[in-house]
Each structure stands twice: as C-alpha cells, then as structure tokens.
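What follows is a set of notes on a single structure, which appears directly below.
This one's a predicted model, so the numbers in the text were calculated from it and none came from an experiment.
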Amino acid sequence: MKPKDVYIHNSAEVSSKASVGKGTKIWNGVQIREGAIIGENCNIGKDVYIDKNVIIGNCVKIQNGVSIYDGVEIEDYVFLGPHMTFTNDLYPRSFNTEWRKIPTKVRYGASIGANATVVCGVTIGKYAMVGAGAVVTQDVPDHALAVGNPAKVIGYVCKCGQPIHYGECCKKCGEVFTGGNE
C-alpha cells in the first residue's frame, strides 16, 4: 500500500503487498517484497533489497546497496551504512529446503557502518554503533561501540554518536551518560 506522498523512483520494484509510510523516498533499483512494512519518512538508497516480511520503523536511513532479509526488524531512527548486510540463516546450503529463519533486531537510534555484516539472531541495542566492516556475531548492548571481526565492544557512545564514559558529560551535546541500558 503506497500513500500519495511517497516517492518511488521509476526503476524501483515495490510489491503492491508491501506497506510504505508517508514521506518515504525509494531510489533507483530498489526492490521491496510482499509483506514488508516500511515506516514514515524513511530514505531508501539505490540498489537496496528488502525481503518479504521485513519491518522497518520511521525515519530510517538506508544507504546504497544494503540487503535486509526476512526476519529482520529495524526500529525508528536507525542508520544502515552503504553495502552492509544482514543474514537470516545460521546454516545456509543451497540444497537445504528446511532452513530456519533466525530473527534479528536493530533497536532505536542504532547505527551500522559501511560493509558491516550482522549475523542473524542478534540484537543491536539502542543508540549502539557498529563500525565499518564489522562482523556482528553476538548482541551489541545499548550505546556500545562495536568494531572488528568478530565485532567486540571497545567503548560506548552518546545518543549523538560521540564516544563517552560512564558518568561523563558529552562534550558535544552535554548529555550525561549513566549506562548502556535505558
């Protein structure tokens, strides 16, 4: 279902059985499959693939070349960097007809860097930040900064994205960081 105030580039393929929220922009070469739910005011970049039944919240920015597979749920205000990807099966084989989709969740305000891979079954916490090229194989706590392969938590970030330590006032926005779980 497409509201009148949605922009869909003429080269994009959006299923009539997908739901797209008002104010969303869908650019060149995007494919959105049946049952996908896209929130309001999202920006979906060139050559993005959104599989069936994916849920995407409001104000999500998805950069070029991102792949989001069945079983992924993305909350509001998430940033997905260029060419990052999600998986949805822990034991993939081309001949496996009994594969099992494993859910993955990206929580409010999180950011995932360019070319990162998020292996299914994890949760990326609120305001967490995953560095470019990281391979996420386990949960990332709220506000955590995770980098590497496999991704490891190396610190914490404020809501505004700047590095911060417990009990400190953010030098950019002034918020005091009192822990990773809100």
Taking the hydrophobic residues Ile, Leu, Val, Met, Phe, Trp and Tyr, and joining any pair whose side-chain heavy atoms are under 4.5 Å apart, which ones share a cluster with Trp99? none
My understanding is that a hydrophobic cluster links ILVMFWY residues whose side chain heavy atoms are under 4.5 Å apart, including indirect links. Using that, what else belongs to the cluster containing Val147? Met129, Leu145, Ile154, Val157
State, to 0.1 Å, how close Ser11 and Gly29 come at their nearest heavy-atom pair, and which atoms those are. OG-N, 3.0 Å
Closest non-hydrogen contact found for Gly109 with Val78 is N-CG2, 4.1 Å
Going from [atom1] on [X] to [atom2] on [Y], what distance comes out if it is rounded to the nearest 0.5 angstrom?
X	Y	atom1	atom2	answer
Cys59	Asp76	SG	CG	6.5 Å
Asn58	Ile56	CG	CD1	11.0 Å
Phe79	Lys61	CZ	NZ	6.0 Å
Ser15	Gln31	OG	CD	9.0 Å
Ile26	Ile62	CD1	CD1	9.5 Å

Restricting to side chain to side chain donor-acceptor pair (under 3.5 Å), what partner residues turn up for Thr137, sequence neighbours left out? none
Pairs in or reaching into residues 81-98: which pass side chain to side chain donor-acceptor pair (under 3.5 Å), with residues at least two apart or in two chains? none
Sequence neighbours left out, what pairs pass side chain to side chain donor-acceptor pair (under 3.5 Å) with at least one residue falling in residues 112-124? none
Is a donor on one side and an acceptor on the other found under 3.5 Å between the side chain of Asp142 and the backbone of Lys126? yes
Between Thr24 (side chain only) and Val6 (backbone N and O only), is there a donor and an acceptor less than 3.5 Å apart? no
With a 6.0 Å cut-off (strictly less than), is the heavy-atom count around CD of Gln162, excluding the residue itself, greater than 12? yes
Sequence neighbours excluded, which residues qualify as side-chain contact (heavy atoms from CB on, under 4.5 Å) partners of [X]?
X	result
Cys173	Cys158, Cys160, Cys170, Glu175
Met84	Val66, Leu80, Phe86, Ile112, Ala116, Val118
Glu168	Ile164, His165
Ala110	Val106, Ile124

Heavy-atom check, side chain of Val14 versus side chain of Val30, under 4.5 Å: no
pair Val72-Asp70: side-chain heavy atoms closer than 4.5 Å: no
Kindly state each residue pair satisfying salt bridge (charged side-chain N to carboxylate O under 4.0 Å, His left out) with at least one member in residues 105-115, sequence neighbours excluded. Glu73-Lys105, Glu75-Lys105, Glu75-Arg107
Would Lys159 and His143 count as a side chain to side chain contact (heavy atoms under 4.5 Å, CB included) here? Give the steps. CA-CA 7 Å; Lys159 286 180 183 179; His143 290 274; 3.8 Å; yes
Give every donor-acceptor pair under 3.5 Å between a side-chain atom in residues 32-49 and any protein atom, sequence neighbours left out.
from  : atom 1 : to    : atom 2 : distance (Å)
Arg33 : NH1    : Tyr49 : OH     : 3.2
Arg33 : NH1    : Asp51 : OD1    : 2.9
Asn43 : OD1    : Trp27 : NE1    : 2.7
Tyr49 : OH     : Asp51 : OD1    : 2.9

Apply ring-ring contact (aromatic ring centres under 6.0 Å, His included) to Tyr108 and list each qualifying residue two or more places apart in sequence or on a separate chain. Tyr77, Tyr127
If hydrophobic clusters are built by linking Ile, Leu, Val, Met, Phe, Trp and Tyr wherever their side-chain heavy atoms come under 4.5 Å apart, do Val54 and Val122 end up in the same one? yes
